[in-house]
Amino acid sequence: MTLRLLLDEIRSNIGQICIRLGYPTVQFEVAEAAKSDFGDISCNVAFLLAKPLGKRPYDIAKEISSQYEKNLGRFVKKVTPHQSGYINFIANYSALNNSTIKSSVREDYGSINIGNKTRIVVEHTSVNPNKALHVGHVRNIIIGDTISRILKKANYDVRILNYVDDSGLQVADIVVGFKYGGFAEEPPKDQKFDHYCGDIVYVKTTEMYETDKKLEEFRTTVLKEIEEGKSEIAKFANNITRRVLAEQLKTCWRLGSTYDCLNFESQIVRSNLWKIVFEKMKEMEIIQLEKEGKNTGCWVIRSETDEEDKVLVRSSGLATYIAKDIPYAAWKLGLLGDPFYYVKYGEQPGGKILWETILERNSNAKIDFSGERVITVIDSRQSRLQKIITRLMSSFKSQEGAYVHLGYEAVTLSAETASMLNVETGGKQIQMSGRKGIYVNADYVLDILGVKTYEEAKKRNPELDEIRLVNIAEAVAVGALRYAMVKQDLDKIITFDMAESLSLEGDTGPYIQYSYARAVRILEKAGVKPQFDTPFDNLNTEYEINLIKAMSKFDIRIEEAAKNLSPKVMARYCYELAVAFNAFYEHVKVLTAESKSLVNERLCLVHCFKETLAKALDVIGVSSPDRM
RNA sequence: GGGCCUGUAGCUCAGCAUGGAUAGAGUGCUGGACUUCUAAUCCAGUGGUCAAGGGAUCGAAGCCCUUCGGGCCCGCCA
């Protein structure tokens, strides 16, 4: 918060000085200095005024600086014009320290009101319920979960949905495997049901199609029966997908992701939402019945560019798969009457209730899971489809950005990791494929990471009991995986490498968690509670000031992350905090400081750092173990 | 053929939205710091034609155009 106060103060003062000097109004920028050599804050106003005033930027910077010096205000200590034309500011650290430390103890530190409690839907995860989650799905989950957390921190009213495609081909495939392929309904002992379905039934059944065309024919009839939802096969499919879903959710919860409601595709299909949307689109004339050409007899969405038109309804009158996505998107935006009723699916870790939709009327109060805005997290291979849906939604609801497809690039496997799966790629990375069995399961990665983190924790904390060590190991394993998935920009491919994922040093989740554990230990060993009724004038080494400056940026980072829907901003912020603390830890002694009052001030700082880091880590869903 | 993404240090990536100072991290490699609040750490060194070319600008890694390399997508399948 405090950095924002400082920036606002400078912005306002410079604005006033420009008016006083009779300078034209320009949109100047006040921002963190690019390097600490330059000071704390920089302003580019002199560049922007150079042209209209016909002066050198440096001369303008000098003029403004000398005016500024007459009244430095609360947070500024020094103003210097730089040769380059920037005006640089050094903060009044006494004020910065005091303000930052005192505000950072607040429970809601870092929160900021951007959303104004706007109802916003985040849909993520949405994995076909016929297999276990692999590391590609994990990226989706972590992005979606982190975005939800960011938006909550920015005061949006967030609803998190998980769409369960329980009536698609992939489900039909495993049903064929169970019913006609001879696979037992129960997995071998010690194998999770979702792993069994994905690793064995799905992969092997798909393989069998190659040689057994009859088997492949069953797929079509099974799919049809599932969609109709009446037959024994449909009931069987429902039973299977429920079991897989339950296992998938365990993995999601293990990763720290929770949801508000499960939406089932089968119910969307069986509701009348498609008919309503279809009629609406006809009325609005945003779809056309083709009279000629290759799509004769089909209802299509005409492309606005050179791309192919998209068929919505076949010449047979049957809707295509996109007909499931359109009503769902419109439903999420609350544009259609709600045909669903809601029942409790169960209670999630942390106590949050998970709801699910049903079509049968019940006496429960209706719950509104729609939003004024909708964010759908799906990888960018589906961009074309999502673009069409976004376009349709914007004709239904003209509000800018009402429907957002938050796309991200895929997770691929490194050549080395592929070769562990007996896939030779000639040194190139490879796309994962559930169908071909080329993937790394999320549970497997967490388990392997857990073994390593357990060993590391035990080595360092031999006195801790087994349960505590296991909990620490799990927290660090999840932290490592989540951080790795979120630190990279959304439009960069992540090449997953098993060996590399085990690295716990440098720019990783465990590095950050470690800084937290160090802070906790200092506070434990101090034996006294920090007392905050002091002005914090003595925290004046560069390490202390850097740490305090980092802490003071929390809400600015939240704002940036929320406005750009950029989870990595928060990952980088956590890292920034940890780096500042680790440098402080190495160079500044807390418990053996020269005086009692200095010990206390530093204890306060360590305490506030610990609280701030925990809150920042929580935004990326990484927990903060006390010991590591 | 069309659409989207991408190219910055040996490797993995920030920085690009909103142009401005000597382009930053991690990792790797070299060397240093643990009888001290946990070395999952810190410090120093090493390492760059910001893919290439052009344009607009006082000023470009960033904006515009072109070219080249890499990836993904484009069914009356789901």
Side-chain angles (χ1 to χ4, degrees), chain A residues 27 29 31 33-35 37-38 42 44 46-48 50-51 56-57 82-86 88 128 165 167-172 220 223 265 294-300 303 305-308 310-316 318-322 324 379-385 387 407-410 412 428-429 431 453 456-457 459-461 476 480 487-495 497 500 503-515 517-526 563-564 566 568 572 575-576 578-579 582-583 585-592 602 606 627-628:
Chain A
Q27 287 298 314
E29 202 171 282
K35 291 180 95 172
D37 303 359
F38 301 140
S42 300
N44 68 346
F47 293 111
L48 304 171
K51 199 162 204 180
R56 291 166 53 208
H82 188 271
Q83 275 293 342
S84 61
Y86 275 104
N88 293 325
N128 280 308
D165 182 359
S167 60
L169 260 186
Q170 297 200 19
V171 166
T220 321
L223 182 66
E265 183 179 86
K294 66 174 184 173
N295 293 331
T296 303
C298 301
W299 286 91
V300 305
S303 168
T305 60
D306 288 341
E307 292 180 68
E308 295 280 309
K310 186 77 205 163
V311 173
L312 288 184
V313 178
R314 305 178 178 100
S315 51
S316 66
L318 276 178
T320 60
Y321 71 98
I322 195 176
K324 296 173 182 177
D379 77 71
S380 56
R381 283 173 294 204
Q382 298 208 42
S383 288
R384 186 180 133 76
L385 179 61
K387 205 165 103 191
Y408 61 90
E409 284 291 333
T412 62
K428 289 175 76 173
Q429 53 177 261
Q431 292 275 327
T453 52
E456 297 286 331
K459 198 163 70 194
R460 293 169 173 78
N461 304 278
V476 177
K487 75 168 179 175
Q488 201 129 313
D489 201 77
L490 299 182
D491 45 26
K492 287 254 168 52
I493 291 170
I494 292 180
T495 305
D497 182 83
E500 196 191 298
S503 150
L504 310 174
E505 289 166 19
D507 186 6
T508 65
Y511 169 91
I512 300 166
Q513 289 172 312
Y514 183 62
S515 71
R518 283 178 138 184
V520 169
R521 281 301 258 180
I522 294 175
L523 295 165
E524 266 177 28
K525 294 210 167 171
K563 286 188 171 165
N564 298 319
S566 180
K568 98 184 149 192
R572 299 192 72 78
Y575 182 66
E576 183 184 356
V579 167
N582 277 328
Y585 184 95
E586 296 285 340
H587 297 100
V588 181
K589 292 297 159 209
V590 177
L591 301 180
T592 53
R602 286 180 179 162
V606 171
R627 298 283 289 270
M628 276 179 70

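These values consider heavy atoms only, across backbone and side chains, with no hydrogens, waters or symmetry-generated copies. Residue numbering restarts at 1 for every chain, and letters A, B, ... go by the order of the sequence lines.
- Between A:K568 and B:G15 there is a side-chain N or O to OP1 or OP2 distance below 4.0 Å.
- With both ends at atom P, the span from B:G71 to B:G32 equals 44 Å, rounded to whole Å.
- Using a 4.0 Å heavy-atom criterion, one finds that A:G168 contacts the sugar-phosphate atoms exclusively.
- Nucleic acid contact class of A:V588 (heavy atoms, under 4.0 Å, all strands): base.
- For the P atoms, the distance linking B:C37 with B:A61 amounts to 49 Å, nearest Å.
- Side-chain nitrogen and oxygen atoms of A:K492 include none within less than 4.0 Å of the OP1 or OP2 phosphate oxygen of B:U12.
- Among the nucleotides B:U18, B:A21, B:C13, the one closest to any side-chain atom of A:Q488 is B:C13.
- Remark: A:R460 engages A:E456 in a salt bridge, criterion side-chain N to carboxylate O under 4.0 Å.
- A donor-acceptor pair under 3.5 Å is formed between the side chain of A:R314 and the backbone N or O of A:A319.
- For the strand RNA chain B, secondary-structure stems (runs of at least three Watson-Crick or G-U pairs, all distances below 3.5 Å) span B:1-7 with B:68-74, B:10-13 with B:24-27, B:28-33 with B:41-46, B:51-55 with B:63-67.
- Rounded to whole Å, the separation between the P atoms of B:U27 and B:C42 comes to 8 Å.
- One finds no side-chain N or O of A:K487 lying less than 4.0 angstrom from the OP1 or OP2 phosphate oxygen of B:C13.
- With hydrogens and angles ignored, the 3.5 Å screen pairs no side-chain donor or acceptor of A:K310 with any backbone N or O of A:I322.
- Taking side-chain N and O atoms only, A:R572 has no distance below 4.0 Å to OP1 or OP2 of B:A25.
- The A:Y585 side chain lies nearest to B:A39 when the options are B:A39, B:A78, B:G26.
- Ranking B:A40, B:A17, B:C13 by closeness to the A:E456 side chain, first place goes to B:A40.
- When distances run from any side-chain atom of A:N564 to the nucleotides B:C37, B:C42, B:A17, the shortest one goes to B:A17.
- On a pure distance criterion of 3.5 Å, a polar donor-acceptor pair joins the side chain of A:N88 and the base of B:A21.
- Counting only distance, with no hydrogens or angles, the side chain of A:T508 and the backbone of A:Y511 share a donor-acceptor pair below 3.5 Å.
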Going 5' to 3' through nucleotides 69-76 of chain B and flagging B where a protein heavy-atom sits under 4.0 Å of the base, S where only the sugar-phosphate is that close, and - otherwise, we get --SSSS-B
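- In this structure, of B:C37, B:A40, B:U41, it is B:C37 that holds the atom nearest to the side chain of A:I522.
- Comparing atom distances between the A:L591 side chain and each of B:C43, B:C37, B:A39 picks out B:C37 as nearest.
- A donor and an acceptor atom sit less than 3.5 Å apart, one in the side chain of A:S42 and one in the base of B:A21.
- Between B:A56 and B:A9, the distance separating the two C1' atoms is 31 Å to the nearest Å.
- Nearest nucleotide to the A:Y511 side chain, out of B:A25, B:C77, B:C42: B:C42.
- Of the candidates B:A78, B:U27, B:C42, B:A78 carries the atom nearest the A:L169 side chain, counting heavy atoms from C-beta on.
- Here A:Y86 counts as stacked on B:A21: its ring centre is under 5.5 angstrom from the base ring centre and the planes meet at under 30°.
- Nucleotides B:U46 and B:G24 have their P atoms positioned 13 Å apart, rounded to a whole Å.
- Using a 4.5 Å heavy-atom cutoff, the side chains of A:I522 and A:Y585 are in contact.
- Side-chain atoms of A:E307 lie closest to B:G2 of the nucleotides B:A21, B:G2, B:U22.
- Note on A:V606: nothing from the nucleic acid sits closer than 4.0 angstrom, heavy atoms only.
- Taking atom C1' on both nucleotides, B:C50 is separated from B:A14 by 13 Å, rounded to a whole Å.
- Judged by distance alone, the side chain of A:D497 and the main-chain N or O of A:E500 form a donor-acceptor pair under 3.5 Å.
- Closest to the side chain of A:D165, from the set B:C37, B:A78, B:A39, is B:A78.
- Ion pair A:E308/A:R384 not flagged as a salt bridge, since none of the NZ, NE, NH1 or NH2 atoms sits closer than 4.0 Å to an Asp/Glu carboxylate oxygen.
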